[in-house]
Amino acid sequence: MSIFEYNGSALVAMVGKNCFAIASDRRLGVQLQTIATDFQRIYKIHEKLFIGLSGLATDAQTLYQRLVFRHKLYQLREERYMKPETFASLVSAILYEKKRACKRFCVVAGTASESLYGACEAMFKPDMEAEELFETISQALLSSVDRDCLSGWGGHVYVVTPTEVTERILKGRMD
Amino acid sequence: MKFDTSGLESHGQLVGASDGLFNGFPTAPSFEIPNTTDFDCFQKEAIQMVKPAKGTTTLAFIFKEGVMVAADSRASMGGYISSQSVKKIIEINPYMLGTMAGGAADCQFWHRNLGIKCRLHELANKRRISVTGASKLLANILYNYRGMGLSVGTMIAGWDETGPGLYYVDSEGGRLKGMRFSVGSGSPYAYGVLDNGYRYDMSVGEAAELARRSIYHATFRDGASGGVASVYYVGPDGWKKLSGDDVAELHYNYYPVQPSVVEQVMVET
């Protein structure tokens, strides 16, 4: 198994009508052994900006700490929050990506990413309201991680609208 | 089946070699060696490449009333779950069960083969084969194929004239008699629960619950185990399937979730 499959992860994000949702699984493992079932993969940068990091957990945590540091400095200098597009450029610069990040409606990452691509293609519709978006993203996540040994053990979904952020824990298969 | 040695005969025997030293003596039989960089180790590398890790959890134990056998039902290929509904407890005959760990094809084939041999024994000797005998038959067959890439980690559980019997047999050629076994990548987790809760004088219900719990705990921690926890009981009248519970349902039965509502109002500045 490659280093990206060492800890196991599943991430999916979708855009709806004036809202977006981001969801992750909750497993942290060491290859096949499950160590934790409440691991946080989605972090809040500010009220309207969330980032989900998949792959090796230690690298994800380090990257998150660096991004928070850069964002806090930006806030102090500019006296405002960073826009998502700016933040995406920051992330891609830190990861030495040569391509600019492009705007997508549906993004997936992690060991279950192939299943997630399929589920999103099948279930996604443009311009969904917040409740429907939550249902869709939850179904896509749970059905994909049920085909992956290395991710799952529950789900964590954030739905963000202009007025509120809703955080929900999903009841999933714990095997 | 006569042992076929035609491959050892050399092509073109040299009788009376030209250099005069080996006059009248034929050269030693020779065969073509494979074209590899590392002749001594290439076979082992090939076996390691195809050898599937025994991603499963199976267990069996003897107690006062008979033998309890349990297994999960997941088949995995690396990280991908290929099936959640594999039958890992194989019914060799009405009073003997075998468990599957390792290569599915290897286990299924050799268990069916064992079933045939057991039936032939019954017909030839007018009595059922003992668990000892059956496990010895399987162990001897697997020993012959040792090093050739078979992957089998099985337990033979049954009830014969001497009472309940349980043997562990694997593709390395090992055969062990015992009271409690667990095989597969989830076995360390299953052993923890099984060893803690085991008593010889349990009732059938208690033993079934112990077996179910052990499989459930293994599926929780091990990524390669999951699906359905099947529990079988082998008694004096033969085997009987007691239950097949989805482990996701078992989880919420053992650890029900208390719904909690956490309200956090973010102040808009």
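Fair warning: this is a prediction, and the values are worked out from it, not measured in the lab. Below, chains carry the letters A, B, ... as their sequence lines are ordered, and counting in each starts from 1.
Atom CD in A:Q31 sits 12.0 Å away from atom OG in B:S185 (nearest 0.5 Å). Interatomic distance, B:Y80 OH to A:T111 OG1, rounded to the nearest 0.5 Å: 13.0 Å.
Of the two parts of A:I169, neither the backbone nor the side chain holds a non-hydrogen atom closer than 4.5 Å to a non-hydrogen atom of chain B. Residue contact with chain A, scored on non-hydrogen atoms closer than 4.5 Å, is absent for B:Y216.
Within 6.0 Å of atom OH in B:Y252, more than 12 heavy atoms from other residues, nucleotides or ligands are found, so the atom counts as buried in its surroundings. Summarising the local packing, CD of A:E79 is surrounded by 12 or fewer heavy atoms from other residues, nucleotides or ligands at distances under 6.0 Å. Within 6.0 Å of the OH atom in B:Y254, the count of heavy atoms belonging to other residues, nucleotides or ligands exceeds 12. Residue A:R168 places its CZ atom among more than 12 non-hydrogen atoms of other residues, nucleotides or ligands, all under 6.0 Å distant. In A:Y43, the OH atom is crowded: over 12 heavy atoms of neighbouring residues, nucleotides or ligands sit closer than 6.0 Å. For A:Q75, the CD atom counts as densely surrounded, since its 6.0 Å shell holds more than 12 non-hydrogen atoms of other residues, nucleotides or ligands. Counted within 6.0 Å of CZ on B:R180, heavy atoms from surrounding residues, nucleotides or ligands total more than 12; the atom is thus considered enclosed.
Pairing each heavy atom of A:D146 with each of B:I81, the nearest pair is O-CD1, 3.3 Å. Of all non-hydrogen atoms in B:A224 and A:C149, the two that sit nearest each other are CA-SG, 4.5 Å.
Proximity of B:Q84 to A:D175: side-chain heavy atoms (C-beta onward) are separated by under 4.5 Å at one or more points. Within the 4.5 Å cutoff, the side chain of A:T37 has heavy atoms near those of the B:F220 side chain. The shortest distance between side-chain heavy atoms of A:M174 and B:Y255 does not fall below 4.5 Å.
Between chain A and the options B:G186, B:A248, B:S76, B:P188, the largest number of non-hydrogen pairs under 4.5 Å is found for B:A248.
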Legend entry - Worked check of side-chain contact (heavy atoms from CB on, under 4.5 Å) between A:R173 and B:D246: CA-CA 10 Å; A:R173 285 190 68 96; B:D246 189 310; 2.9 Å; yes
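In this structure a side-chain-to-backbone donor-acceptor pair under 3.5 Å is missing from B:R221 to A:L32.
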